[in-house]
2 protein chains.
Amino acid sequence: MATERTDPLTVEVVELIGDVVARYYTEYEQAAAKHSLTGVQARVLGLLATEPTPMRRIAQKLRCEPSNITGIVDRLEARGLVERRPDPYDRRVKIAAATEEGMGTARRLRESLDFAREPLAQLTDEERRGLRDLLRRMLGAGAPAVP
Amino acid sequence: MATERTDPLTVEVVELIGDVVARYYTEYEQAAAKHSLTGVQARVLGLLATEPTPMRRIAQKLRCEPSNITGIVDRLEARGLVERRPDPYDRRVKIAAATEEGMGTARRLRESLDFAREPLAQLTDEERRGLRDLLRRMLGAGAPAVP
DNA sequence: TATTGTTATACTCTATAACTATA
DNA sequence: TATAGTTATAGAGTATAACAATA
């Protein structure tokens, strides 16, 4: 059902969320660029640093077509940050995984994302818990995530 | 200064913010696609629906190179959603503005962005005020915005 | 001289469709 | 036959550099 809330307070909060999103996204791109990575390359590298993943699965997580992953992994592989491994149980499948160097780059990238962490540090534990519960509710209200 | 907060609660909140950003971004792109617009085109149209803007200023707001705006406005103009007007005070400047049709598209686009508004409706006014203040603090803590 | 918008170029990301090698 | 990954293609967004018109 369409929820009708057009009071000034709600409108302001919606706009603020849009601002936070734009800000977060911009800073993520800039952090990636400092490592000579595009935003998408950084996202894939971060994914593979957490867990080696079949090509198709990467596409699902990024919500894009599988054919696009080929090129993205190609470019990461050409820089020695990622490698393709065979799947011992299905010879059609290729599992992309971060190399040692890729793991290091992913870690430095993660640590440089201070935008969210810094202002959060100004909050009390109580406020942080409140924010956490609020965000959970926002995320739980709609479509399912792709884990 | 680098703020060191790596306790589980802060880490979880940072991850949740990342999730909200990803979710917001995805839904924005989908809403734009329903009007046969790319995300960037939708952003520019939304900007021009609020206020006619010189080409260079659009680039500043989007934080990209001015040369890119030419093509984006070209495509919006080809569809009759935007038009270029001369600046009476400086003949070098072209002011991009939404047409009547563009205003309508921008309005429908705005109204279809329910992701943020719906879960927000579940909160009390008190909670909404708390969230607003929190988001303001987050946005105020870092680099200056481009108004 | 400096600035505005544009053009030209190269690269990346994207979806679509067709291909290959496996299953 | 169905699926995983790839290739080929076309469109869009991006940065860089060079250009014409105007300030």
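Just so you know, these numbers come straight off a predicted model, no measurement behind them. Here is the naming used below: chain letters follow the sequence lines, and residue numbers restart at 1 for every chain.
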Would you indicate whether the side-chain heavy atoms of B/R75 and B/I72 approach each other to under 4.5 Å?
->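 A side-chain contact under 4.5 Å exists here.
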Starting at [atom1] of [X], measure out to [atom2] of [Y] and round the result to the nearest 0.5 Å.
X: A/R56; Y: A/E65; atom1: CZ; atom2: CD; answer: 8.5 Å
X: B/T105; Y: B/L76; atom1: OG1; atom2: CG; answer: 9.5 Å
X: A/L62; Y: A/N68; atom1: CG; atom2: CG; answer: 9.0 Å
X: A/R110; Y: A/R108; atom1: CZ; atom2: CZ; answer: 11.0 Å
X: A/D125; Y: B/D7; atom1: CG; atom2: CG; answer: 6.5 Å

Treating Ile, Leu, Val, Met, Phe, Trp and Tyr as nodes and any side-chain heavy-atom pair under 4.5 angstrom as an edge, say whether A/V14 and B/L109 lie in one connected cluster.
->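 In one cluster: no.
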Are B/L9 and B/V20 grouped together when hydrophobic residues (ILVMFWY) are joined by side-chain heavy atoms under 4.5 angstrom apart?
->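 Yes: a chain of side-chain contacts under 4.5 Å links B/L9 to B/V20.
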Set of side-chain contact (heavy atoms from CB on, under 4.5 Å) partners for [X], sequence neighbours left out:
X: B/E100; value: none
X: B/E15; value: B/V11
X: B/L134; value: A/L123, A/L131, B/R137

For atom [atom1] of [X] and atom [atom2] of [N], their distance in whole Å:
X: A/I69; N: D/dT7; atom1: CD1; atom2: C1'; result: 15 Å
X: B/R63; N: D/dA15; atom1: CZ; atom2: C1'; result: 17 Å
X: A/Q60; N: D/dG5; atom1: CD; atom2: C1'; result: 13 Å

Among residues 34-54 of chain B, which contact DNA chain D at a heavy-atom distance under 4.0 Å?
-> B/T38, B/V40, B/Q41
Short N/O separations, protein against nucleotides 19-23 of chain D, under 3.5 angstrom:
| residue | atom | partner | partner atom | Å |
| --- | --- | --- | --- | --- |
| D/dA23 | OP1 | B/R91 | N | 3.1 |

Hey, can you pull the donor-acceptor pairs under 3.5 Å for the side chains in residues 29-49 of chain A, sequence neighbours left out?
| residue | atom | partner | partner atom | Å |
| --- | --- | --- | --- | --- |
| A/T38 | OG1 | A/Q41 | N | 3.1 |
| A/Q41 | OE1 | A/T38 | N | 3.2 |

Atom pairs under 3.5 Å: protein N/O with N/O of nucleotides 16-18 of chain D:
| residue | atom | partner | partner atom | Å |
| --- | --- | --- | --- | --- |
| D/dT16 | O4 | B/S67 | OG | 2.6 |

Could you pull out all residues at least two apart from B/E111 that satisfy salt bridge (charged side-chain N to carboxylate O under 4.0 Å, His left out)?
-> B/R107
Nt span of DNA chain C in reach of chain A heavy atoms at under 4.0 Å, 5' end first, is C/dT12 to C/dA23
Only counting residues at least two apart or in another chain, list the ones meeting side chain to side chain donor-acceptor pair (under 3.5 Å) with B/E12.
->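 Side chain to side chain donor-acceptor pair (under 3.5 Å) check on B/E12 returns A/R136.
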Can you give the donor-acceptor pairs under 3.5 Å from side chains of residues 80-97 of chain B to other protein atoms, not counting sequence neighbours?
| residue | atom | partner | partner atom | Å |
| --- | --- | --- | --- | --- |
| B/E83 | OE2 | B/R85 | NE | 2.9 |
| B/E83 | OE2 | B/R85 | NH2 | 3.0 |
| B/R84 | NH1 | B/D74 | OD1 | 3.0 |
| B/R84 | NH1 | B/E77 | OE1 | 2.5 |
| B/R84 | NH2 | B/T70 | O | 3.3 |
| B/R84 | NH2 | B/D74 | OD1 | 3.0 |
| B/D87 | OD1 | B/Y89 | N | 2.7 |
| B/D90 | OD1 | B/R92 | N | 3.0 |
| B/D90 | OD1 | B/R92 | NE | 3.2 |
| B/D90 | OD2 | B/R92 | NH2 | 3.0 |

Those residues of residues 70-84 of chain B lying under 4.0 Å from DNA chain C by at least one heavy atom | B/T70, B/R84
